[in-house]
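All remarks here apply to the structure that follows.
Numbers restart at 1 for each chain; the letters A, B, ... are given by sequence-line order, proteins then strands.
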2 protein chains.
Amino acid sequence: MGIIRKTKAVTTVLQIFEEKNEAQSVVHLIELVKDKMNKTTVYRILDRLEADGIIHSFNGKDGLKWYAKCKGCSAEHHTDKHPHFQCTECDKVECLSIDIKIPTIKNHKVESTDILLTGRCEVCSI
Amino acid sequence: MGIIRKTKAVTTVLQIFEEKNEAQSVVHLIELVKDKMNKTTVYRILDRLEADGIIHSFNGKDGLKWYAKCKGCSAEHHTDKHPHFQCTECDKVECLSIDIKIPTIKNHKVESTDILLTGRCEVCSI
DNA sequence: GTTATTAATGCAACTGAGTCGCAAAACTAG
DNA sequence: CTAGTTTTGCGACTCAGTTGCATTAATAAC
Ligand SMILES: [Mn+2]
Ligand SMILES: [Mn+2]
Ligand SMILES: [Zn+2]
Ligand SMILES: [Zn+2]
């Protein structure tokens with residue numbers, strides 16, 4: 001599965017991730033490209049890009065869905081797992097390249113870990 | 001603010017948390033009491049109970065809002081912070097009383113930490 | 001117990017993110 | 001260029017959560 005055809009819409013969405021180089025909420029993304037494509041298309045393109053290991057998704061503090069570029073993932077192996085930080089002031093999200101140790105929980109099989117830190121970002125904590 | 005009047009509806013909601021003694025999704029809670037009160041009332045009661053430090057809220061894996069009883073919190077001090085575990089099979093959520101160390105992130109002021117682990121619970125991992 | 005005050009509730013309408021089905025358009029292979 | 005398949009637009013829909021307002025119920029004062 002995943003991206004098969006490189007359409008104009010796909011290129012437009014990918015360019016946003018390349019240029020801005022930071023996490024994007026779907027709501028914001030839809031706003032950015034609203035003159036170029038339908039919101040349903042945005043959702044579907046993001047789905048395919050994620051299935052291909054090009055971007056990854058997570059939920060922000062207000063429950064909205066966000067996406068950011070992956071580093072070294074493929075359709076088969078989504079290896080780029082990390083926590084996220086969202087600023088309470090400016091709402092920006094950063095992918096954190098820190099490793100947080102999760103202790104084993106007896107009789108439970110942990111399959112995934114979602115960590116969202118919130119607080120003041122570098123710019124907003126001045 | 002918080003709970004001021006102990007109404008029938010408030011008592012009903014509180015009883016559910018006392019009896020079941022496990023985390024409840026708002027959607028499930030509304031279903032449980034749908035013959036006794038309006039869904040808006042459920043949302044408002046949960047808000048007030050949370051403001052009073054009696055319950056705490058978090059988002060489950062599918063983005064739905066969940067609540068569970070607090071241990072030792074008050075309206076002023078919400079001290080009962082902990083990660084949650086949601087089963088991918090049965091959807092149940094557990095409050096985990098484990099402590100996960102978050103390293104400091106330079107130039108960032110971390111104010112809160114939301115951790116959701118997903119996987120197989122004790123019952124479902126057999 | 002009665003009354004006045006104010007908080008809590010019910011109800012209906014609304015909001016907004018995300019989804020679905022289907023016909024039309026755009027790719028790609030041959 | 002053509003046929004086969006994927007992608008897109010569009011409109012309608014779903015569903016969790018919210019809002020405004022009129023009504024009801026809890027509490028306190030008397
Ligand atoms: Mn990330
Ligand atoms: Mn909990
Ligand atoms: Zn910021
Ligand atoms: Zn389970």
Side-chain angles (χ1 to χ4, degrees), chain A residues 1-17 23-52 54-68 75 84 86 91 93 114 116, chain B residues 1-17 23-68 75 84 86 91-93 114 116:
Chain A
M1 301 298 114
I3 293 290
I4 299 184
R5 299 190 180 177
K6 193 142 193 177
T7 63
K8 268 190 158 177
V10 170
T11 310
T12 304
V13 171
L14 274 175
Q15 250 170 34
I16 292 170
F17 285 104
Q24 306 282 334
S25 73
V26 179
V27 171
H28 180 230
L29 226 34
I30 287 170
E31 180 63 25
L32 278 179
V33 300
K34 69 158 177 280
D35 297 326
K36 295 178 184 156
M37 73 194 82
N38 189 272
K39 71 168 177 169
T40 310
T41 303
V42 178
Y43 280 107
R44 293 194 275 222
I45 287 174
L46 293 170
D47 270 356
R48 278 179 276 147
L49 289 173
E50 183 169 32
D52 262 20
I54 295 167
I55 58 179
H56 61 277
S57 69
F58 54 93
N59 295 313
K61 63 184 163 62
D62 35 15
L64 295 194
K65 200 165 192 184
W66 287 67
Y67 283 90
H84 293 98
Q86 184 163 21
D91 263 17
V93 171
D114 285 298
L116 181 68
Chain B
M1 304 295 119
I3 292 291
I4 301 183
R5 299 188 180 177
K6 191 142 192 177
T7 64
K8 269 191 157 178
V10 170
T11 310
T12 303
V13 171
L14 275 175
Q15 252 171 33
I16 292 170
F17 284 104
Q24 306 282 333
S25 74
V26 180
V27 172
H28 181 228
L29 226 35
I30 288 170
E31 179 64 25
L32 278 179
V33 300
K34 69 157 179 282
D35 297 327
K36 293 178 184 156
M37 72 193 82
N38 189 273
K39 71 168 178 170
T40 310
T41 304
V42 178
Y43 280 106
R44 293 196 274 222
I45 287 175
L46 292 170
D47 270 356
R48 279 178 275 146
L49 289 173
E50 183 168 32
D52 262 19
I54 295 167
I55 58 178
H56 61 277
S57 69
F58 54 93
N59 294 315
K61 64 183 161 64
D62 35 14
L64 295 194
K65 201 165 191 184
W66 285 69
Y67 283 91
H84 293 98
Q86 183 164 20
D91 263 15
K92 269 191 190 168
V93 171
D114 284 299
L116 181 67

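Spacing between atom CG of A:N38 and atom C1' of C:dA17 amounts to 14 Å, rounded to whole angstrom units. Atom CG of A:D52 is separated from atom P of D:dT7 by 10 Å (rounded to the nearest Å). Atom CG in B:L14 sits about 13 Å away from atom P in C:dA8, given to the nearest Å. Between the CG atom of A:N59 and the C1' atom of C:dA17 there is a distance of 11 Å, given to the nearest Å. Taking atom CG of residue B:D35 and atom P of nucleotide C:dG10, one finds them 12 Å apart after rounding to whole Å. For the pair A:R48 CZ and C:dC27 C1', the interatomic distance rounds to 12 Å; values are reported in whole Å. Rounded to whole Å, the distance from CG on A:L64 to P on C:dG16 is 12 Å. Taking atom CG of A:D62 as the reference point, atom P of D:dA16 lies 18 Å away to the nearest angstrom.
Contact detail for A:V33 and A:V42: the closest heavy-atom pair is CG2-CG2, 3.7 Å. Pairing each heavy atom of A:R48 with each of A:V10, the nearest pair is NH1-CG2, 4.2 Å.
Between the NE2 atom of B:H28 and the CD1 atom of B:I16 there is a distance of 8.5 Å, given to the nearest 0.5 Å. The line from CG of B:N59 to CD of B:Q86 is 10.5 Å long, rounded to the nearest 0.5 Å.
Contact of B:K39 with D:dG17 (side chain to base): a donor-acceptor pair of N or O atoms is detected under 3.5 Å.
Residues B:L64 and B:V26 are not in side-chain contact: their nearest non-hydrogen atoms beyond the backbone lie 4.5 Å or more apart.
No salt bridge links A:K61 with B:D114; every basic N to acidic carboxylate O contact stays at or beyond 4.0 Å.
Judged by distance alone, the side chain of A:Q24 and the main-chain N or O of A:W66 form no donor-acceptor pair under 3.5 Å. Not a single donor-acceptor pair under 3.5 Å links the side chain of A:H84 to the backbone N or O of A:V93. Under the 3.5 Å distance criterion, the side-chain polar atoms of A:D52 are left unmatched by any main-chain donor or acceptor of A:I54. Looking only at distances, no side-chain donor or acceptor of B:E50 sits under 3.5 Å from a matching main-chain atom of B:I55.
Near DNA chain D, meaning a heavy atom under 4.0 Å from it, residues 26-33 of chain A has no residue at all.
One end of the helix from C:dG1-D:dC30 to C:dG30-D:dC1 points its axis 30° away from the other end's axis, with each axis taken from 5 pairs and the angle rounded to 10°.
Between B:D47 and A:M37, the residue anchored closer to the 5' end of DNA chain D is A:M37, taking for each the nucleotide with the nearest heavy atom.
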(request) Indicate for each nucleotide in nucleotides 20-30 of chain D, in 5' to 3' sequence, whether protein heavy atoms under 4.0 Å reach the base (B), only the sugar-phosphate (S), or nothing (-). (result) B----BBS---
(message) Checking B:I45 against B:M37 for the side chain to side chain contact (heavy atoms under 4.5 Å, CB included) test, could you report, in this order, the C-alpha distance in whole Å, the side-chain angles of both residues, the deciding distance, and whether it holds?
(response) CA-CA 11 Å; B:I45 287 175; B:M37 72 193 82; 4.1 Å; yes
